Amino acid sequence: MNKLSWTIAVVLIAIWSLLCIGSYALLNISAEWITQNADSVSNRPNITDWLVWGLGFVRAIGAFVVVGLWAFVSLAIVLVAWLVQRSRKLLGGRSYLNMPHNG
């Protein structure tokens, strides 16, 4: 059971990592595309400059959010796997389903 819980945790972290990499790539590609087409929003250079600056800021904050969320969820997955392992040790290696019932 312990090996199974850690194997599931590793697989979940791998899938979660791929999802985060994909979302980060999508964020960068869409922000880059919007930045390149910022001149179609307005003919005024001031507005275009502010739009480009704002999108650069969103990209920087987005990277921080993606990495922070990845770390938080990965830590939660590891914590759940550790708690499953710990609960098995506290039960003396028995599963809850195999425990005798009163009644």
Side-chain angles (χ1 to χ4, degrees):
M1 182 71 177
N2 291 337
K3 287 183 183 180
L4 178 65
S5 64
W6 285 110
T7 303
I8 291 171
V10 167
V11 169
L12 285 175
I13 289 174
I15 292 170
W16 175 243
S17 297
L18 289 174
L19 267 156
C20 286
I21 289 170
S23 65
Y24 180 70
L26 184 63
L27 174 74
N28 273 339
I29 290 170
S30 60
E32 184 66 30
W33 181 75
I34 293 171
T35 302
Q36 289 177 357
N37 296 319
D39 57 344
S40 64
V41 173
S42 175
N43 293 333
R44 303 178 87 192
N46 289 345
I47 293 176
T48 304
D49 290 343
W50 278 102
L51 182 62
V52 169
W53 177 84
L55 287 172
F57 183 73
V58 166
R59 284 174 73 182
I61 295 297
F64 177 75
V65 168
V66 167
V67 170
L69 189 62
W70 172 83
F72 179 75
V73 172
S74 296
L75 182 65
I77 292 170
V78 169
L79 181 65
V80 167
W82 180 79
L83 286 173
V84 166
Q85 179 184 7
R86 184 78 178 143
S87 67
R88 295 274 300 164
K89 287 182 181 177
L90 289 176
L91 291 174
R94 295 180 305 204
S95 172
Y96 176 75
L97 298 174
N98 295 334
M99 293 180 74
H101 298 287
N102 293 335

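In this text the structure is predicted, and so the values were computed from the model without any measurement.
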Give every donor-acceptor pair under 3.5 Å between a side-chain atom in residues 61-69 and any protein atom, sequence neighbours left out.
none

Give the table of side-chain donor-acceptor pairs shorter than 3.5 Å for residues 23-36, with sequence neighbours excluded, one pair per line with atom names and distance.
{"residue": "Ser23", "atom": "OG", "partner": "Leu19", "partner atom": "O", "Å": "3.4"}
{"residue": "Ser23", "atom": "OG", "partner": "Cys20", "partner atom": "O", "Å": "2.9"}
{"residue": "Tyr24", "atom": "OH", "partner": "Asn28", "partner atom": "ND2", "Å": "3.4"}
{"residue": "Asn28", "atom": "OD1", "partner": "Arg59", "partner atom": "NE", "Å": "3.3"}
{"residue": "Ser30", "atom": "OG", "partner": "Leu26", "partner atom": "O", "Å": "2.9"}
{"residue": "Ser30", "atom": "OG", "partner": "Leu27", "partner atom": "O", "Å": "3.1"}
{"residue": "Glu32", "atom": "OE1", "partner": "Arg59", "partner atom": "NH1", "Å": "3.0"}
{"residue": "Glu32", "atom": "OE2", "partner": "Gln36", "partner atom": "NE2", "Å": "3.3"}
{"residue": "Thr35", "atom": "OG1", "partner": "Ala31", "partner atom": "O", "Å": "2.7"}

| remark: In short, salt bridge (charged side-chain N to carboxylate O under 4.0 Å, His left out) pairs touching residues 65-76 with sequence neighbours left out are none
| In terms of hydrophobic clustering (I, L, V, M, F, W, Y; side-chain heavy atoms under 4.5 Å; direct or indirect links), are Trp82 and Ile77 co-clustered? | yes
| salt bridge (charged side-chain N to carboxylate O under 4.0 Å, His left out): which pairs involve residues 42-54, sequence neighbours left out? | none
| task | Tell me, please, which residues at least two apart from Trp53 pass ring pair (Phe, Tyr, Trp, His ring centres under 6.0 Å). | result | Trp50, Phe57
Please table the atom pairs, donor to acceptor, closer than 3.5 Å between any side-chain atom in residues 8-18 and protein atoms at least two apart or in another chain.
{"residue": "Trp16", "atom": "NE1", "partner": "Trp70", "partner atom": "O", "Å": "3.4"}
{"residue": "Ser17", "atom": "OG", "partner": "Ile13", "partner atom": "O", "Å": "2.8"}
{"residue": "Ser17", "atom": "OG", "partner": "Trp70", "partner atom": "NE1", "Å": "2.8"}

